[in-house]
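First comes the structure, then the notes that go with it.
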Number of protein chains: 2
Amino acid sequence: MGVKSLELDERKLKILKAIIRNYLETGEPVGSRTISKYTDLNLSSATIRNEMADLEELGYIVQPHTSAGRIPSDKGYRLYVDDMMKEKEQEVSGKEKEVEEMKEFLIERVDKVELLLQQMAKLLAENTNYATMITAPQYNKNKVKFIQLSRMEAGKLLVVVVIDGNIVKNTILDVEEEMTDETLLQLNMLCNTSLNGLSLNEINLGVIAKLKEQAGIHREIVGSVLDAVADAITVDDDLEIYTSGATNIFRYPELSDQEKAKNLIGAFEEKELLTNLVQESLDKEDRQGIQVYIGSETPVQMMKDCSVVTATYELEEGVKGTIGIIGPKRMDYEKVVNTLKTLTAQLDNIYKKT
Amino acid sequence: MGVKSLELDERKLKILKAIIRNYLETGEPVGSRTISKYTDLNLSSATIRNEMADLEELGYIVQPHTSAGRIPSDKGYRLYVDDMMKEKEQEVSGKEKEVEEMKEFLIERVDKVELLLQQMAKLLAENTNYATMITAPQYNKNKVKFIQLSRMEAGKLLVVVVIDGNIVKNTILDVEEEMTDETLLQLNMLCNTSLNGLSLNEINLGVIAKLKEQAGIHREIVGSVLDAVADAITVDDDLEIYTSGATNIFRYPELSDQEKAKNLIGAFEEKELLTNLVQESLDKEDRQGIQVYIGSETPVQMMKDCSVVTATYELEEGVKGTIGIIGPKRMDYEKVVNTLKTLTAQLDNIYKKT
DNA sequence: GATTAGCACTCTACCCAAATGAGTGCTAAC
DNA sequence: GTTAGCACTCATTTGGGTAGAGTGCTAATC
């Protein structure tokens, strides 16, 4: 409380917040009488009405129709969220039950990151009753860690490339020429000594030329191997996105009419549409990686009737991903922000310990 | 036409079919007057009414309410579909426009099967206006083809297992003991000679014991490697399922009320629920791999208001997957069955040529 | 015996009017 | 500056009334 606004005095702020809180709970337009009782201001409904008229003029609340109560505008929500965030800034996010539950779950041995994330999205959706999305971590600084060439069968060469983060990628090459175990061993050593520790940018023409020169008659094979390596360390442009709880939108009447539902669920199905969201939130990273998009602020047009909260997590240095929660504008921002804060923090810790 | 039924004479059959066809087109209950004009039987509506009463008693059609026309029951659809299938049996499925389009698309070089299937599902959904699902191919007869152990860095052993169908799987092992390049080479040879060509069932205790014996002091490592191999050749129990066009259900009023839509889309999100469907259709494979489930016949309870048509495709010997199309009971069975028939056929051909 | 015309009956869908009630804006009094 | 009071607005609900589609049944016809 007590954060000054440029145009709002203390009382107006208090009323605005009361309106928003009430609306978050009920989902129904809130009238002056309700506020008059709801707050500790001890003001009559008439006074509240006057203040509300002001608030409306300033654009913080709107009336769905003439004789209805008020609901918050995007601007109103924005103020509320910013204010709320400032208040909570210094608070240490206390342990919450859901996160506890989630931690327990995470500790079970899960081999594959994908599976983990998929299940995390599901759990998050179940706990929050909103729709969720989690992107697989993006390995931005991919460097070659280890290369292994082996002859699988006649004419087939298996190339295994391990990159930072112990990601393993394979390619099977068709090779014309036969070669001895000897030369294969030499090629292996050659590739490893020349390429290990290098990123995509660092493998320039000079390196390639030198490598090919050293390879002598096997320059062709080296060429193919280099392609495979390049493929391996190139950042996947179509990143994996795991989603869950899309059907949760049916819990909120303001989102569940035919048209809106179709749009939203469509956006969840066409995952490419979500990439904007991911990019945006990776770029604008501040506030501990948490971003709140309200209504038309969202980078994804199809979600203009929703609010979206995104958080960035980081498994290891440079290995980042995004978690997003999509719900109605009247979502419980505090809970969502807190959950995301603790979740990303825990995710970081837990994963490093495994 | 002209397929005798146990309880229906020629005329009743004709009327039933007329009712169903009409309903497929309009989606509205069809009345006696409509049929009286629609058919070439030249019967008055009154006569039709009598026949309809019979058909209803026999369970082929139902009335949504007393004074409405009739709509087909599941039993009615069943008869229609079976009959239709018999008629088309000998017909060579002519080239259809959509499949042509699809073929063109498939020919573009697509590296990853996953991506191909994902896009195929999408294309299929767009062309049919139903919801679609495609499972990644299941490699049922997994046999070890090649094993490669290599020391990645100190204490880390990279195990690469290639199985039938050139599927490559990797595991990174932590190993205590150091070993020379020599022993590593020997272990490699040992594993390959002992295990290549074997399937999960064939790697029994005898093989394992013999292998461990030969490994001598490295029996522990062999144990870990065996685990990795077992992991690799075990059929993925959670198979990948690609879906698309879930929002198409909103095109059909009878499926798009809140409750039904939520269920259906939920089923599409929780892909595990779809595995029943896949199993069932892989088991009951007849009729060129095409199965039609009408309403409550479906193995997935949540789809009891829909019809589901599944087809099995086979990329290589023993490498099978399932394609499913989910739509309203009044889906265009003929078109769907034909599309699936040609698609699976083409898929087979095209893939083998690449 | 099968077919048909005719009629009473049943239900849904739609429209319209009135009643309800939540909530406002404004004015006048405190 | 605050409040009580009142007239007004508008979405929502309610109920009745009608139109229309379609049936089932009966009696007449072929």
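First the proteins, then the strands, lettered A, B, ... as listed; each starts at 1. Just so it is clear, the model here is predicted, and its values are computed rather than measured.
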For this session: Could you encode protein contacts along nucleotides 14-23 of chain C as a string, one character per nucleotide from 5' to 3', using B for base contact, S for sugar-phosphate-only contact and - for no contact, with a heavy-atom cut-off of under 4.0 Å?
Result: --------BS
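- No side-chain donor-acceptor contact under 3.5 Å links Tyr242(B) and Thr132(B).
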Provide a list of protein-nucleic acid N or O atom pairs under 3.5 angstrom, restricted to nucleotides 1-4 of chain C.
from   : atom 1 : to       : atom 2 : distance (Å)
dT3(C) : OP1    : Arg11(B) : NH1    : 2.7
dT3(C) : OP2    : Arg11(B) : NH1    : 3.3
dT3(C) : OP2    : Arg11(B) : NH2    : 3.0
dT4(C) : OP2    : Ser44(B) : N      : 3.0
dT4(C) : OP2    : Ser44(B) : OG     : 3.4
dT4(C) : OP2    : Thr47(B) : OG1    : 2.5

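- When side chains are defined from C-beta on, Met331(B) does not count as touching Leu24(B), because their heavy atoms never get closer than 4.5 Å.
- Applying the side-chain hydrogen bond (donor to acceptor under 3.5 Å, both in side chains) rule to Asp74(B) yields the partners Ser296(B), Lys329(B); only residues at least two apart in sequence or on another chain are considered.
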Distances for protein N/O vs nucleotides 28-30 of chain C N/O pairs under 3.5 angstrom?
none

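- In summary, the side chains of Ser307(B) and Tyr333(B) do present a donor paired with an acceptor at a separation below 3.5 Å, with no hydrogens or angles considered.
- Within 6.0 Å of the NZ atom in Lys304(B), the count of heavy atoms belonging to other residues, nucleotides or ligands does not exceed 12.
- Expressed to the nearest 0.5 Å, how far CD of Glu280(B) lies from OG1 of Thr322(B) amounts to 11.0 Å.
- Between Glu51(A) and the choices Lys14(A), Lys12(A), Arg70(A), the salt bridge (Lys or Arg N to Asp or Glu O under 4.0 Å) rule is met once, by Lys12(A).
- Within a 6.0 Å radius of CZ in Arg330(A), other residues, nucleotides and ligands contribute more than 12 heavy atoms.
- Remark: Lys262(B) NZ to Met302(B) CE distance equals 9.5 Å, nearest 0.5 Å.
- Gln301(A) CD: 12 or fewer foreign heavy atoms inside a 6.0 Å radius.
- Looking at Leu264(B) and Cys306(B), their side chains come closer than 4.5 Å, going by heavy atoms from C-beta outward.
- By the ring pair (Phe, Tyr, Trp, His ring centres under 6.0 Å) test, Tyr252(A) pairs with Tyr130(A), sequence neighbours left out.
- Protein chain A contacts DNA chain D over a range whose 5' and 3' limits, counting nucleotides with an atom under 4.0 angstrom from a non-hydrogen atom, are dT2(D) to dA11(D).
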